[in-house]
Structure formats: structure tokens, C-alpha cells
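What follows is one structure encoded as C-alpha cells, with my remarks underneath.
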Amino acid sequence: MYVSEQEIRAVLTYEALIPAIRQALIDYSAGRVNQPPRMILRAGNADDHRNGWFGVMPVVAGDVMGVKTVTFYAGNDELGLHTHMAIIELIKRATGEPLAIMDGRLITEMRTAAVSAAAFSGIAPLHFESVPASFGIIGSGVQARAHIEALKHVWPEMRDIRISSRNAAKSARLAEETNARAVAAEEAAASDVVLTATTSPVPVLKGSWLKPNALVIAVGASGASLRELDDEAMLSGYVVAEGRSCVERESGDVILSGAKVQAEIGDILASPATANIPRRQRVIFKTVGMAIEDITAARLVWQSR
């Protein structure tokens, strides 16, 4: 059975996905998920930033198994195509029977934002003395839009949304459609909560722009040689990873800055009383995307059909 993006959009909701992802992150940190490292092959289609990659992401979790194959082509944006495209195969663990093959683009989009929403709900009450009000976004693509939608489910007090990107027209359009403001990068970075969701290979967020106790959610520029945050931002922050080994292996923000991962989000969600989230230091939540998140979303789609 093939499940199209249109069919997925009709049944997958953040109301169901965010709590499911929260539990998946807890299960991952507790060692209940069998997830080997992602395998990545370069496409060799170009000699510059347009050189795409092909990733293979298998996982065994709960009553299902599966694999996502995903491509990322930074140059697709210039062609009017999605930069990320994917296919997910969902398999019954008990018998090995294939259950479904699904388009993975929307699942990737929504699960990434759902991870951030789950992380925010765990970190924010421990980090902020009062509920934050302002949300700054560096980037104006699908993840910027998805994060606004997902975070509103766990952060209804969000009022001041500031959007900045290298494409002023896209920033203005997204701001108009989401009741936000298109601003300079410095103003977006001066928010209580800051999201970086770009494909930039070099830092787009400077530590000098951030509030002393900002919460930064960094979801873009996945790759050991790519980064969105400069050294000051990374080294001045308490770094929380979606998966410690994944981030230490695949995040240029961590590798190139020399920053240390100090906590894993699944442990924080499982036991907030024992978490050491600082109140007077910046917190950096870094994600690179994990197969357990894709299979969790795919399982929800399968169950809802």
C-alpha cells in the first residue's frame, strides 16, 4: 500500500504527533530503540553547495520496524522544488510483513517541528521564570512555518513572532500569512526563543545577538561540516541534544565549535525533577533528525487509516 502526501496531510495532526514524539524521545534515551547510525551517500551531481545527498535511516521500535530513505538537495530551492524528499517503509515487527510505503516529505517536516515542540514543553518550564513571549525565526522555509504551527500547541502564549531570512520577499510573505513581523536577523535573534531553520553552511546566528538566557532551537544545516550558530552562541549555551550520539556525529554546530552535549532531551522529558537546565544561561537544543521520529509518525498514519 502506498500512502501519498495528500493522504498523510488528511490524517496526521500535531495533537497526536507531539505526544507520540515525546514518548519516542523518552524511549530512545532509555535504550528501548534499536537505531543504527544514518548512512549518507553523496549524489555527486555538483561540485558546490548543490551537491545532494542520499540518506538511509533504519530503526526497530515497539511493534514496528522501518526505514526512511531521504534526499537533500540545497539547490532545489532555486528550481522551485522541495529541498528534502523522502520515502518511508513501515514493517510489522512480529512477522516482517510490509505494512505500507509512504511519502516521507510531510512526515519529515511535521516530525521535525513536533520534536521541537516536545523539547520546548520540557525545557521552557525549567529554564524560564515566566512564560516567554517572543519567538524569533532565522529562515522562512517549510520548517519556519511548521514550527509556528507546532509550537502553538504547546506555547499558546506566543504573541510576538519575528521572521528573518536572506530572502526578504519570502520573509514578508510568511510574516503576513502567520501574523508575524519580518525583521532583521539581529531583532529575530533578540527574542526569548530563537529558531534556526536554514540550509546555510556557515553561521547565521551570532551569540552576541542573543539574550543571556535565550532558548535556541537549532534544526537546520545538518551535517558535520555545516553550521548555523557561531562559536559564541554554542560555547555560551547549555547544549541539549535530541540524541547525543547523533548530534555528536552529525552536527557541525557541535563538532566545529567544540561544544559539549550536556543532556539528552528524552532524559529531561522522562525526569524533569532531576534535570539541570540552567535559568541564567542560554540553552541550545540541537537536532539532526532521527529514524525513530519518522517511524513514530508513520505508525500514527497507518493506525489512522
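The figures that follow rest on heavy atoms only: side chains count, while hydrogens, waters and symmetry mates do not. Keep in mind it's a predicted model, so treat the numbers as computed, not measured.
Panel note: side chain N213, backbone R280; no donor-acceptor pair is recorded below 3.5 Å. In this structure, the side chain of T287 does not engage the main chain of G289 through any donor-acceptor pair within 3.5 Å. Remark: the backbone N or O of A185 is paired with a side-chain donor or acceptor of S164 at under 3.5 angstrom. Looking only at distances, no side-chain donor or acceptor of E293 sits under 3.5 Å from a matching main-chain atom of T112. Within the 3.5 Å criterion, the main-chain N or O of G52 finds a donor-acceptor partner in the side chain of N45. Looking only at distances, no side-chain donor or acceptor of E242 sits under 3.5 Å from a matching main-chain atom of E264.
No more than 12 heavy atoms of other residues, nucleotides or ligands sit less than 6.0 Å from atom CZ of R166. Enclosure of atom CZ in R181 by more than 12 non-hydrogen atoms of other residues, nucleotides or ligands within 6.0 angstrom is indicated.
In this structure, D294 pairs ionically with R111, as a charged nitrogen and a carboxylate oxygen lie closer than 4.0 Å. Taking 4.0 Å as the cut-off between side-chain N and carboxylate O, D103 and R105 do not count as a salt-bridged pair. Salt-bridge check for E157 with K152: failed, with every basic side-chain N at 4.0 Å or more from each acidic carboxylate O. Taking the charged nitrogens against the carboxylate oxygens, R145 and E109 have no contact shorter than 4.0 Å, which rules out a salt bridge. A salt bridge is defined here as a Lys NZ or Arg NE, NH1 or NH2 lying under 4.0 Å from an Asp or Glu carboxylate O, and D253 with K286 meets this definition. Note on K206 versus E186: no salt bridge recorded, every NZ/NE/NH1/NH2 to OD/OE distance being 4.0 Å or above.
A donor-acceptor contact closer than 3.5 angstrom links the side chains of S134 and D192. No side-chain N or O of Q6 forms a donor-acceptor pair with one of S4 less than 3.5 Å apart. Under 3.5 Å, the side chains of S245 and E248 contain no donor-acceptor pair of N or O atoms. With no hydrogens or angles considered, a side-chain donor-acceptor pair links H147 and S116 at under 3.5 Å. Inspection of the T108 and K68 side chains reveals an N or O donor paired with an N or O acceptor under 3.5 Å.
Of the candidates L269, L300, I292, T296, I21 forms a side-chain contact (heavy atoms from CB on, under 4.5 Å) with just one, namely T296.
Here the side chains of V254 and R227 are not in contact, with every heavy-atom distance at 4.5 Å or above. Annotation: side chain of Y238 is in contact with side chain of P278 (closest heavy-atom distance under 4.5 Å).
Cluster annotation: I8 and Y14 are assigned to the same hydrophobic cluster (Ile/Leu/Val/Met/Phe/Trp/Tyr, side-chain heavy-atom contacts under 4.5 Å, transitive).
Between Y73 and W53, the gap from one ring centroid to the other reaches at least 6.0 Å.
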